[in-house]
Amino acid sequence: MTVEFDPKRELKIAPSILSADFARLGEEIRDVEEQGADWIHVDPMDGHFVPNLTIGPNVVAAIRPHVKTVMDVHLMISPADTYLEAFAKAGSDILTVHAEAGPHLDRSLQAIRSYGCKAGVALNITTPLSVIEYCLDKIDLILVMTINPGFGGQKFTHSVVDKVAAARKMIGDRPIWLEVDGGVSPETAPLCWNAGADVHVAGSAVFNGGTPEDYKRNMDAIRASCA
Ligand code: DX5
Ligand code: ZN
């Protein structure tokens with residue numbers, strides 16, 4: 001499927017399956033989508049760019065048929081370019097690379113679009129927005145990290161809220177989603193939403209409890225906190 005940008009800004013929740021039951025990923029995706037998830041966020045990690053190892057293109061391809069919404073793939077791998085085609089072929093709708101993952105971000109973004117995916121750029125906490133100033137026309141999504149990537153369940157970094165607001169300003173009326181990832185909960189989601197984020201990634205705050213009823217309650221709580 002292809003996901004198209006809708007200029008009407010609305011709050012989206014993208015549960016990160018890093019906090020799901022890995023033995024039942026298909027079911028977990030179905031449950032969380034039935035309970036109101038807007039996108040499914042997937043976190044490949046290489047044990048080199050971040051101090052954790054998770055999944056590769058084979059697993060992404062295996063879960064693809066279970067995703068009825070949008071598969072939002074956040075690559076925490078370096079170098080990323082070598083694997084972009086494989087993750088695109090695995091069925092990513094949105095493919096996001098870290099700005100810190102290689103010296104030629106512009107080339108990575110062009111490659112992602114050439115494979116038919118929407119192109120995202122993730123910025124670590126200490127990376128300034130200026131690194132994307134000259135390639136905004138090649139970007140479909142900006143992911144502002146609100147933790148140091150690598151693990152779920154970490155504490156939100158409040159100092160990054162100003163960067164979210166600056167990113168919203170930089171986007172202006174361009175067709176670019178603004179996503180936040182890390183420590184997003186009913187306490188911190190309103191800070192991001194009010195600063196201008198639209199896509200809220202949440203792992204532990206959504207999958208906490210482990211049943212579909214919990215997922216619904218957890219996502220409703222995030223939405224209610226931003227209303
Ligand atoms: C971490 C990942 C996140 C992670 C978020 O590096 O990018 O997507 O799953 O987990 P929570 O919401 O628990 O902080
Ligand atoms: Zn992520």
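Counting starts at 1 for both ligands and their atoms, following the listed order.
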Report task. For the residue pair H41 and D43, confirm or rule out a side-chain donor-acceptor distance under 3.5 Å. Result -> yes
Requested in this report: Pick out which of E34, E33, Q35, E28 makes a side chain to side chain donor-acceptor pair (under 3.5 Å) with Y215.
Outcome: E28
**Report entry** Inter-residue atom distance D72.CG - S92.OG, 0.5 Å rounding
**Finding:** 9.0 Å
Query - Neighbouring protein residues of ligand 1 - any heavy atom closer than 4.0 Å - result: S16, L18, H41, D43, M45, H74, M76, I147, P149, G150, F151, G152, G153, D181, G182, G183, V201, A202, G203, S204
Query raised in the report: If you round to the nearest 0.5 Å, how far is CZ of F207 from OG of S16?
Result: 7.5 Å
Requested in this report: Please answer whether the main-chain N or O of D214 pairs with a side-chain N or O of T211 as donor and acceptor at a distance below 3.5 Å.
Outcome: yes
Query raised in the report: Within the distance-only criterion (no hydrogens, no angle test), does the side chain of S19 pair as donor or acceptor with the backbone N or O of S204 below 3.5 angstrom?
Result: yes
Query - NZ or CZ of R223 within 45° of W193 ring axis and under 6.0 Å - result: no
Query raised in the report: What distance do D198 atom CG and I142 atom CD1 have between them, rounded to the nearest 0.5 Å?
Result: 10.0 Å
Query - Crowding at CZ, F151 (>12 non-hydrogen neighbours, <6.0 Å) - result: yes
Report summary line: Nearer than 2.8 Å to the Zn ion (ligand 2), the protein contributes N, O or S atoms numbering 4
